[in-house]
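Excluded from the calculations below are hydrogen atoms, water molecules and symmetry mates; all remaining heavy atoms, backbone and side chain alike, are included.
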Amino acid sequence: MMGKITFYEEKNFQGRSYECMSDCSDMSSHMSRCQSCRVESGCFMLYEKNNYMGQQFFMRRGEYNDMHCMQSMGMMFDNIRSCRMIPFHRGQFRMKIYERENFGGQSNEMMDDCDNIQERYRMSDCQSCNVMDGHWLMYEQPHYKGRMMYMRPGEYRSFRDMGMSGQRFMSMRRITDMC
């Protein structure tokens, strides 16, 4: 299933628009700003900076007529510079989280959502991980609150090296919906 998102320069789906059905590392050539968007199908990760950097926000099917109002849902930035389509995953989910960078310290393998790693695993921090199966969202606070980071299959040796300096991840959720 393909994803489709349309970005608009003005609130309430007005002004110049840009339709996207795949990853876009630099939206500045298509539009100067984004004040609203409509996700027609699929799920997307929006980024505050080019090349999928900076703060991130997860978007599922729906209409978002004022991006400034998204702050109540956790979006902490007011412009979008890049976006990534999240493919739908069928099958199991597996991720191994590590207390320290470079896969050091205590580790735990997860196959389902975890709303608080401190309570479930007695881990005070998560600084690296290996995503074996599925697509995940990691949150800086327990109970899926605060800034988030999208993790697709791969090894992540250091969140600090990914521009997440000083950020701790305390809860993880699988992206299971087709949006």
Side-chain angles (χ1 to χ4, degrees), residues 1 3 5 20 22-27 39 42-60 70-179:
M1 182 172 153
I5 186 169
C20 187
S22 62
D23 296 353
C24 180
S25 64
D26 183 2
M27 291 179 49
V39 181
C43 297
F44 289 83
M45 210 64 200
L46 306 183
Y47 299 83
E48 86 175 307
K49 296 180 181 176
N50 293 339
N51 299 313
Y52 320 111
M53 300 297 287
Q55 292 188 45
Q56 306 175 22
F57 194 74
F58 177 71
M59 304 291 280
R60 59 175 36 103
M70 298 298 290
Q71 289 182 354
S72 66
M73 293 175 57
M75 182 181 272
M76 305 302 271
F77 54 95
D78 61 1
N79 211 344
I80 295 147
R81 294 288 178 217
S82 56
C83 74
R84 179 166 271 155
M85 188 181 78
I86 301 171
F88 178 67
H89 175 76
R90 285 183 171 83
Q92 70 177 0
F93 286 77
R94 287 189 326 132
M95 174 171 60
K96 193 164 189 177
I97 58 173
Y98 298 85
E99 190 174 30
R100 303 278 175 251
E101 292 182 337
N102 295 312
F103 313 122
Q106 180 182 340
S107 68
N108 289 284
E109 188 167 315
M110 302 172 46
M111 296 181 77
D112 59 355
D113 299 350
C114 177
D115 68 349
N116 190 330
I117 63 168
Q118 200 161 24
E119 287 180 4
R120 184 187 286 183
Y121 300 117
R122 304 289 182 243
M123 286 178 72
S124 61
D125 203 356
C126 173
Q127 295 183 9
S128 59
C129 73
N130 181 10
V131 177
M132 286 87 75
D133 295 301
H135 299 262
W136 298 74
L137 291 176
M138 297 180 71
Y139 296 82
E140 70 178 338
Q141 297 171 18
H143 309 289
Y144 319 114
K145 305 274 188 222
R147 291 186 295 177
M148 64 182 76
M149 185 165 65
Y150 166 55
M151 309 300 283
R152 55 189 185 175
E155 292 185 345
Y156 301 88
R157 295 186 168 279
S158 172
F159 299 145
R160 185 171 37 95
D161 292 347
M162 297 170 61
M164 299 295 173
S165 179
Q167 189 167 341
R168 300 171 52 179
F169 293 103
M170 301 302 293
S171 55
M172 294 80 183
R173 175 179 278 164
R174 300 164 296 153
I175 302 175
T176 58
D177 46 355
M178 290 178 57
C179 303

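In this structure, Ile5 and Leu46 have side chains that are in contact, with non-hydrogen atoms separated by less than 4.5 Å. Annotation: side chain of Pro153 is in contact with side chain of His135 (closest heavy-atom distance under 4.5 Å).
Formation of a donor-acceptor pair under 3.5 Å by the Gln106 side chain with backbone atoms of Glu99 is not found in this model. Ser171 contributes a side-chain N or O that, together with a main-chain N or O of Gln141, makes up a donor-acceptor pair within less than 3.5 Å. The backbone N or O of Tyr98 sits nowhere less than 3.5 Å from a side-chain atom of Ser107 that would complete a donor-acceptor pair. Between the side chain of Ser128 and the main chain of Phe103, a donor-acceptor pair closer than 3.5 Å is present.
Within the model, atoms CE of Met170 and OH of Tyr139 stand 15.0 Å from one another, a figure rounded to the nearest 0.5 Å. Between atom CZ of residue Phe58 and atom CD1 of residue Ile175 there is a gap of 5.0 Å, rounded to the nearest 0.5 Å. Remark: Tyr144 OH to Asn116 CG distance equals 9.5 Å, nearest 0.5 Å. Here the CE atom belonging to Met148 is positioned 12.5 Å from the CE atom belonging to Met138, to the nearest 0.5 angstrom. Atom CD1 of Ile97 is separated from atom OH of Tyr121 by 6.0 Å, given to the nearest 0.5 angstrom. The CD atom of Gln56 lies 10.0 Å from the OH atom of Tyr150; values are rounded to the nearest 0.5 Å.
Among residues two or more places apart in sequence or in another chain, the side-chain contact (heavy atoms from CB on, under 4.5 Å) test is passed with Asn102 by Arg157. Applying the ring-ring contact (aromatic ring centres under 6.0 Å, His included) criterion to Tyr156, with sequence neighbours excluded, gives no partner residue. Remark: Met111 engages Gln92, Arg94 in a side-chain contact (heavy atoms from CB on, under 4.5 Å) (not counting sequence neighbours).
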Do Cys129 and Met172 pass the side-chain contact (heavy atoms from CB on, under 4.5 Å) test, and can you show the C-alpha distance, the side-chain angles, and the key distance before you say yes or no? CA-CA 11 Å; Cys129 73; Met172 294 80 183; over 6 Å; no
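The shortest non-hydrogen separation linking Phe88 to Thr176 is CE1-O, 3.3 Å.
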